[in-house]
Amino acid sequence: MKNLRIGFVCYPTFGGSGVVATELGKALADKGHELHFITYSAPARMGSLKKNLYYHEVRVSDYPLFDYQPYELVLASKMVEVAKTHDLDLLHVHYAIPHASAAITARDILAKEGINLPIVTTLHGTDITLLGKDPAFEPVIAHAINESNAVTAVSHSLKSDTLELFGVDREIEVIHNFICPSHFERDADEQFRRSAAPNGEPIITHISNFRPVKRVKDVVDVFAAVRSKQPAKLLLVGDGPERSRAEKRAEDRGVRADVVSIGKIKNPIEPLLVSDLFLLPSETESFGLSALEALAAGVPVVASDAGGLPEVVEHGVSGYLAAVGDVEAMGRHAHALLDNPDQHAAFRAAAQARVQEFHVMKILPHYEAIYHRLTP
Ligand code: GMT
């Protein structure tokens, strides 16, 4: 199969979609494709530049006339420029808005010059399940989905939400998110473990951007339920609007002394390697990449039975699922697992076996097949 020149557009932040896009781009570059990231800052997980990997910054000027700078239009112009300068074969954009809609504008401009630039759009969730519910965005998102040359969704759940919410009638291919197991093949930082849990207490971890959809209050309540039965520590990783509220909740529940809230860090693998259990009680989660990363680190997951989470966590095998908001059930499951070393070890092994299904080398060919279909 021929190597391709691919433009990648994503949010360069720590969010799951940016992580997936960046790791996919890096894996494709390793296989010999030429990858051009087009975004407003270098993706967080990009690391140092390496062979076949390029970054093109989208700069929005500070024009005083605009109260809101038109990022989407500057992005579209940049896509046109990079596509022409680097002779791109296709664009793979992560998120319907503004990335797919900007890509469609770029494709239309290029078509006038006789240049064909197919667009692959990957839907990650919040563009559909949260933004998509806002009528202000609905027509643009539906247009972006309908006009892309190929559309993928990161879970079956997200695919059916998309079809239902937008009434679109087109092929959407489900390609699950993935992990690179080699990233997890390292020793846990024992010094960090001792500092978080000086007396060898089990560590329960939550990693997110602390937005309301993550229900971080439930994380604290589940932890408080466990803590009422046994010693344990809660490790909170990440930052966002709900972080201080979660810390306050821990104070109100009398468990603040057992909560270690370390904030945003570059690589969530380190805290996962010292963890015994991962909590993800989200309101909804199109996939739950952090849950998959926890499983890859051999950490069983207790999560809500929502969105794509059941496609990742097998209830009673590598973790437990409970109804959104059912902190009593989540607390019961968490305590039962931590209290039973044999069962915990079995869940750890099942978690590591489970993630083989999501190995990057298994998932990546599905994207490549789409690319080759669009660039015969
Ligand atoms: O919700 C987040 O943590 C960030 C968000 C994003 O856009 O990066 O994550 C979404 O995409 C991830 C990667 O595909 C999924 O694993 C997350 O489940 C999804 N978030 C939601 O659906 C709430």
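Nothing fancy with the numbering, it's 1 onward along the sequence. Atoms within a ligand are numbered from 1 in the order they appear, just like the ligands themselves.
Just one of E72, E147, H143 meets the side chain to side chain donor-acceptor pair (under 3.5 Å) condition when paired with S101; it is E72.
Close approach of ligand 1 to G288 (heavy-atom distance below 4.0 Å) involves ligand atoms 15 (C), 16 (O), 17 (C), 18 (O). Heavy-atom contacts of S286 reach the following atoms of ligand 1: 15 (C), 17 (C), 18 (O), 19 (C), 21 (C), 22 (O) (cutoff under 4.0 Å). Of all the atoms in ligand 1, the ones that sit under 4.0 Å from a non-hydrogen atom of S17 are 6 (C), 7 (O), 8 (O), 11 (O), 12 (C), 13 (C). Near K214, the atoms of ligand 1 lying under 4.0 angstrom from a non-hydrogen atom of the residue are 1 (O), 2 (C), 3 (O). For ligand 1 and G16, the ligand atoms under 4.0 Å from any heavy atom of the residue are 4 (C), 6 (C), 8 (O), 12 (C), 13 (C). Short contacts between ligand 1 and Y95, defined as distances under 4.0 Å to a heavy atom of the residue, involve ligand atoms 6 (C), 7 (O). Counting the atoms of ligand 1 from 1 in the order shown, those under 4.0 Å from a heavy atom of N177 are 13 (C), 14 (O), 16 (O).
Contacts with ligand 1 closer than 4.0 Å are made by backbone heavy atoms (N, CA, C, O) of T284 only, the side chain lying farther away. Heavy atoms of L158 found under 4.0 angstrom from ligand 1: none, in either backbone or side chain.
Considering backbone and side-chain N/O of L289, one or more are found under 3.5 Å from N/O of ligand 1. Considering backbone and side-chain N/O atoms, V154 never comes within less than 3.5 Å of an N/O atom of ligand 1. Annotation: F287 places an N or O atom under 3.5 Å from an N or O atom of ligand 1; distance criterion only.
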Return a table of donor-acceptor pairs under 3.5 angstrom between the side chains of residues 108-118 and protein atoms on other chains or two or more places apart.
unit_1 : atom_1 : unit_2 : atom_2 : d
E113   : OE1    : K84    : NZ     : 3.0
E113   : OE2    : K84    : NZ     : 3.3

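Considering only non-hydrogen atoms, atom 19 (C) of ligand 1 lies nearest to H124 out of E283, E293, H124.
Note that CG of L374 is 11.5 Å distant from CG of L91, once rounded to the nearest 0.5 Å. Once rounded to the nearest 0.5 Å, the distance linking NZ of K2 with OH of Y371 reads 14.0 Å. To the nearest 0.5 angstrom, I119 atom CD1 is 7.5 Å from M79 atom CE. Taken to the nearest 0.5 Å, the CZ atom of F137 stands 10.5 Å off from the CZ atom of F166.
Y11 does not count as a contact of ligand 1, since none of its heavy atoms falls under 4.0 Å from the ligand. Within the 4.0 Å heavy-atom shell around ligand 1 one finds R211.
Q352 pairs by the side-chain hydrogen bond (donor to acceptor under 3.5 Å, both in side chains) definition with nothing, not counting sequence neighbours.
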**Prompt:** So T122 and H92, side-chain hydrogen bond (donor to acceptor under 3.5 Å, both in side chains) or not? Walk me through it.
**Reply:** CA-CA 8 Å; T122 291; H92 186 168; 2.7 Å; yes

**Request:** Please test S261 against E247 for side-chain hydrogen bond (donor to acceptor under 3.5 Å, both in side chains), starting from the C-alpha separation and ending with a verdict.
**Result:** CA-CA 8 Å; S261 178; E247 291 168 2; 2.6 Å; yes

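Under 4.0 Å is where a charged nitrogen must lie from a carboxylate oxygen, and between K51 and D30 no such pair does.
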